[in-house]
Amino acid sequence: MRVFRFNEQLESSCLDEIRTILVSTGSFSSQEVDLAADLVMESLEKGASRSGYYFLMARDERGKLAGFTCFGPVPCTLYSYDLYWIAVRGDCRGMGLGRQLYLKTEDLVKQSRGRRIYVETSGRADYHPARHFYQKLGFKEVCRLGDFYAPGDDKVIYEKKI
């Protein structure tokens, strides 16, 4: 069984590793990968509390990034948080790392007095595994916006009360 170390220390070296992980999933467009990189840069430049983008990283036994989450408070709310990204490197999938990352992220949100976590994802068939993952974690679909991203590509919003 592989052992992973978790930390919240975002460093500039994480940028390329995060890009690599997102590309390796085969699920994200180049625009989405660039957006994630922008969030990393904003958090590095402004700090997590000013940018609103917090990161939790999981590193393998060699110190290589194995997965991460990006989350933050929803602006103008008291207790609501968005889970912007959760991704796991290809060779680490199927080991429960995504679940561990999420649960540790949920704990961090609770420590910050968060009471709800929201996730937005695509309604396309190739996103079914992601939607199933969120449902297994206790998220409930609360909204579906038809043809949001493109014709036939709904935006699906999930909520979990914690």
Side-chain angles (χ1 to χ4, degrees), residues 6 8 10 14-15 17-43 48-58 65-90 92-162:
F6 298 86
E8 300 168 61
L10 184 64
C14 295
L15 180 59
E17 291 179 297
I18 286 172
R19 280 183 171 279
T20 299
I21 287 172
L22 292 173
V23 170
S24 80
T25 68
S27 297
F28 302 110
S29 70
S30 61
Q31 284 179 302
E32 290 169 314
V33 173
D34 289 344
L35 176 61
D38 289 345
L39 300 185
V40 170
M41 293 305 298
E42 187 169 343
S43 186
S49 61
R50 283 189 50 226
S51 71
Y53 301 117
Y54 294 81
F55 286 81
L56 176 66
M57 275 72 62
L65 192 65
F68 75 96
T69 61
C70 175
F71 61 99
V74 176
C76 301
T77 68
L78 293 178
Y79 306 110
S80 298
Y81 279 71
D82 277 321
L83 177 60
Y84 297 109
W85 295 93
I86 183 167
V88 173
R89 197 175 71 215
C92 298
R93 288 194 198 110
M95 299 179 182
L97 179 56
R99 180 178 179 76
Q100 288 179 63
L101 274 163
Y102 171 75
L103 292 174
K104 290 182 182 302
T105 298
E106 184 179 290
D107 286 342
L108 292 170
V109 169
K110 284 179 187 176
Q111 289 171 23
S112 297
R113 298 179 42 222
R115 295 186 184 164
R116 287 184 164 86
I117 299 176
Y118 294 91
V119 175
E120 298 174 5
T121 191
S122 171
R124 292 190 334 240
D126 57 327
Y127 275 79
H128 174 75
R131 294 189 305 274
H132 182 69
F133 173 77
Y134 295 126
Q135 291 166 354
K136 283 181 19 182
L137 290 171
F139 281 86
K140 304 290 184 217
E141 182 178 325
V142 292
C143 184
R144 184 176 287 256
L145 304 173
D147 298 329
F148 183 85
Y149 297 109
D153 188 2
D154 298 350
K155 177 183 201 175
V156 184
I157 303 172
Y158 288 94
E159 174 191 58
K160 183 175 181 185
K161 295 176 184 172
I162 57 172

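Along the sequence shown, residues carry numbers from 1.
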Quiz prompt | Verdict with reasoning, Y118 to S80, per side-chain contact (heavy atoms from CB on, under 4.5 Å) | solution = CA-CA 8 Å; Y118 294 91; S80 298; 3.8 Å; yes
Heavy-atom distance under 4.5 Å between the side chains of [X] and [Y], does that happen here?
X: V40; Y: F55; result: yes
X: L56; Y: F68; result: no
X: E159; Y: F139; result: no
X: V109; Y: I162; result: yes
X: R116; Y: Y81; result: no
X: L22; Y: E32; result: no
X: R131; Y: T121; result: yes
X: F71; Y: I117; result: no

Quiz prompt | More than 12 heavy atoms of other groups within 6.0 Å of K140 NZ | solution =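 No, NZ of K140 has 12 or fewer neighbouring heavy atoms, counting only those of other groups under 6.0 Å.
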Self-check item: Charged N-O contact under 4.0 Å between R19 and D34
Solution: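 The answer is yes: the pair qualifies as a salt bridge.
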Practice problem: Please assess Y54 against S49 for the test side-chain contact (heavy atoms from CB on, under 4.5 Å), listing each intermediate value before the final yes or no. | Solution: CA-CA 8 Å; Y54 294 81; S49 61; 3.6 Å; yes
Under 3.5 Å, sequence neighbours excluded: what are the donor-acceptor pairs made by side chains of residues 92-102?
unit_1: R93; atom_1: NE; unit_2: V88; atom_2: O; d: 3.0
unit_1: R93; atom_1: NH2; unit_2: V88; atom_2: O; d: 2.9
unit_1: Y102; atom_1: OH; unit_2: E106; atom_2: OE1; d: 2.6

Return the [atom1] to [atom2] distance between [X] and [Y], rounded to the nearest 0.5 Å.
X: I86; Y: T25; atom1: CD1; atom2: OG1; value: 12.5 Å
X: S29; Y: L35; atom1: OG; atom2: CG; value: 9.0 Å
X: S112; Y: K110; atom1: OG; atom2: NZ; value: 12.5 Å

Quiz item: Do we see a donor-acceptor contact under 3.5 Å between the side chains of E120 and Y158?
Solution: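 Short answer, no.
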Practice problem: Decide side-chain contact (heavy atoms from CB on, under 4.5 Å) for L65 and I18; before the verdict, give the C-alpha distance in whole Å, the side-chain angles of both, and the deciding distance to 0.1 Å. | Solution: CA-CA 8 Å; L65 192 65; I18 286 172; 3.7 Å; yes
Check [X] against [Y] and note the closest heavy-atom contact, atom names and distance.
X: P129; Y: D126; value: CD-O, 3.6 Å
X: L39; Y: C70; value: CD1-SG, 4.1 Å
X: D154; Y: G146; value: OD1-CA, 3.2 Å
X: S51; Y: Y53; value: OG-N, 3.1 Å

Quiz item: Checking side-chain contact (heavy atoms from CB on, under 4.5 Å) for the pair V156/F148: CA distance, chi angles, key distance, verdict?
Solution: CA-CA 9 Å; V156 184; F148 183 85; over 6 Å; no
Exercise. Kindly state whether the ring of W85 and the ring of F28 have centres lying under 6.0 angstrom apart.
Key: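 That pair passes the under 6.0 Å test.
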